[in-house]
Amino acid sequence: MSITVKYFALIREQAGKSQEIVDYRPGMTVSDVWRTVMDEDLPSDIKVAVNMEYSGTDLGLNDGDEVAFFPSVTGG
Amino acid sequence: MSITVKYFALIREQAGKSQEIVDYRPGMTVSDVWRTVMDEDLPSDIKVAVNMEYSGTDLGLNDGDEVAFFPSVTGG
Amino acid sequence: MKVEITESIFKPYEKIEQYQKSLQIHGQYGAVATFVGSMRDFNDGQQVSGMMLEHYPGMTEKHIEKICQHASEKWSLLDVLVIHRVGEVTIGEPIVAIAVWAAHRGDAMDACRHILEDLKYQAPFWKKEHAGGGDRWVKNNTAGYLKD
Amino acid sequence: MKVEITESIFKPYEKIEQYQKSLQIHGQYGAVATFVGSMRDFNDGQQVSGMMLEHYPGMTEKHIEKICQHASEKWSLLDVLVIHRVGEVTIGEPIVAIAVWAAHRGDAMDACRHILEDLKYQAPFWKKEHAGGGDRWVKNNTAGYLKD
């Protein structure tokens, strides 16, 4: 019963970690994950992906999901 | 006192020649050149260049000018 | 269609030529539009000496494949190649190469531009520039305006 | 800036790479947009086996140089290369190659497209295709629509 949480770029640096595992609770949303690990509300400028697809912050998660938090992308 | 006349592509084939020299007459226009060599009015779909620049058909010519007649271009 | 993420410096035109040779579309493509993005020595008002390009292994490839798939549905394309660099990049080195093969030029150029804009604004890559005053994360890409 | 009219088959990406190496703009260009047009085996509803590309020696070069000059005034460009084939062309062979170097992608891509459209509609070239039923002059190029 777990969620894999990943951080990238500035978020990764600020968190001081690139990945962690949090316990899964039924009904848990993306925002809940951030609140669990960071002890604050998810800032609106942070992008979210669930299982490697962009996602909204209210999405309900399933056991085993991978959630990623990152700033605006700057590739290309 | 002469004008060099050039033909390209379908116009060249229809004229059966690629270049000829016609006498220059003061006041002569591009249309006059066509009338002189083809004995007809210049068809509106034929493009014209004078001294290697696109030109209107009413342009007055100077002695020694090069006039070219050709169909729509299809390069690239 | 091919998407490649690489940590090594690459020669974009050799890669494009080589990929083209592997395709069975001789005589079918009238148009190939390519875009190559390289690292400049100056950005956002400051001299830079290099950068680190971070990505999200797995999602990045998946996302770019989806972009290319989407472009292939929107335009009439014969093939698409996208190569994107990650890791440490030095001035003048290629960062991204996109090549689009199509029968007609409109499709090739529209799709190439579309893929590039999506790479700039959607694909999970992050640039950290090494500038005079230290390292800095690039906040936003500059606009890819259409002036036509 | 370089404009080349050639009767020989050419390798577009080698030419672009080679020209790029000759430029003193390392670290300045962030964007290179290229377009390569090749001869297709099918056009205007008919199978074709090759074509003859006629041009107006002198005017053609002069006209393309003017196009490139104009593009350099309209957009912020670092360099432009245009190569155009003339004479007998066989299926699959490159007809035209355009490469535009700029600091930013919008300029490179807009200018590349602009130069191509001008080449299609203004530069003095004429195509005569060798088709099954005999030779035929191509009447008009297909449109290079912007769908974005």
Side-chain angles (χ1 to χ4, degrees), chain B residues 2-22 24 28-38 40-76, chain D residues 3 5-6 35-40 43-44 48 51-67 82-87 89 94-98 112-129 134-144:
Chain B
S2 68
I3 299 288
T4 301
V5 190
K6 294 191 169 188
Y7 310 100
F8 292 94
L10 184 60
I11 312 295
R12 174 180 54 69
E13 286 185 347
Q14 285 172 343
K17 52 197 166 192
S18 60
Q19 181 171 330
E20 64 191 313
I21 309 286
V22 302
Y24 171 72
M28 203 176 199
T29 66
V30 168
S31 300
D32 293 336
V33 171
W34 183 268
R35 224 171 277 117
T36 302
V37 290
M38 301 292 180
E40 63 165 24
D41 286 345
L42 177 61
S44 62
D45 58 342
I46 292 182
K47 315 289 177 200
V48 177
V50 173
N51 299 330
M52 301 187 177
E53 300 259 3
Y54 278 102
S55 163
T57 56
D58 291 337
L59 186 76
L61 299 171
N62 295 308
D63 185 26
D65 279 353
E66 175 173 305
V67 179
F69 297 102
F70 48 82
S72 288
V73 303
T74 53
Chain D
V3 173
I5 306 294
T6 175
F35 178 84
V36 175
S38 299
M39 166 112 209
R40 292 191 307 133
N43 190 30
D44 209 10
V48 289
M51 71 174 173
M52 193 273 295
L53 244 167
E54 185 171 336
H55 78 303
Y56 184 169
M59 179 171 171
T60 304
E61 296 82 344
K62 199 176 154 185
H63 183 85
I64 300 175
E65 277 161 19
K66 211 165 57 185
I67 298 172
V82 177
I83 306 169
H84 205 296
R85 184 79 179 279
V86 293
V89 181
I95 299 166
V96 61
I98 303 168
C112 185
R113 189 157 200 153
H114 176 81
I115 291 167
L116 179 59
E117 292 308 304
D118 199 300
L119 277 177
K120 289 268 175 189
Y121 293 116
Q122 298 289 334
F125 291 103
W126 301 273
K127 289 174 180 158
K128 189 177 196 177
E129 292 177 341
D135 288 0
R136 58 176 187 184
W137 288 100
V138 177
K139 287 223 174 60
N140 283 113
N141 278 316
T142 52

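Chain letters run A, B, ... following the sequence lines, proteins first, then strands; residues in each count from 1. Every value quoted in this text rests on a predicted model; they were computed, and no experiment measured them.
Interface remark: D:K62 contributes side-chain atoms only to the contact with chain B (heavy atom separation under 4.5 Å). Of the two parts of B:K6, only the side chain, counted from C-beta on, holds a non-hydrogen atom closer than 4.5 Å to a non-hydrogen atom of chain D. Looking at D:K127, the atoms closer than 4.5 Å to chain B (heavy atoms on both sides) sit in the backbone and in the side chain alike.
In this structure B:E53 satisfies the side chain to side chain donor-acceptor pair (under 3.5 Å) test together with D:K66, sequence neighbours excluded.
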For residues 64-73 of chain B, dump all side-chain donor-acceptor pairs below 3.5 Å to protein atoms at least two apart in sequence or in another chain.
{"residue": "B:D65", "atom": "OD1", "partner": "B:N51", "partner atom": "ND2", "Å": "3.0"}
{"residue": "B:D65", "atom": "OD2", "partner": "B:N62", "partner atom": "N", "Å": "2.7"}
{"residue": "B:E66", "atom": "OE2", "partner": "D:Y56", "partner atom": "OH", "Å": "2.4"}

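For the pair B:Y7 and B:Q14, the minimum side-chain heavy-atom distance is 4.5 Å or more. Between D:I67 and D:V82, the closest side-chain pair of non-hydrogen atoms is not below 4.5 Å.
Between chain B and the options D:H55, D:M52, D:Q122, D:R85, the largest number of non-hydrogen pairs under 4.5 Å is found for D:Q122.
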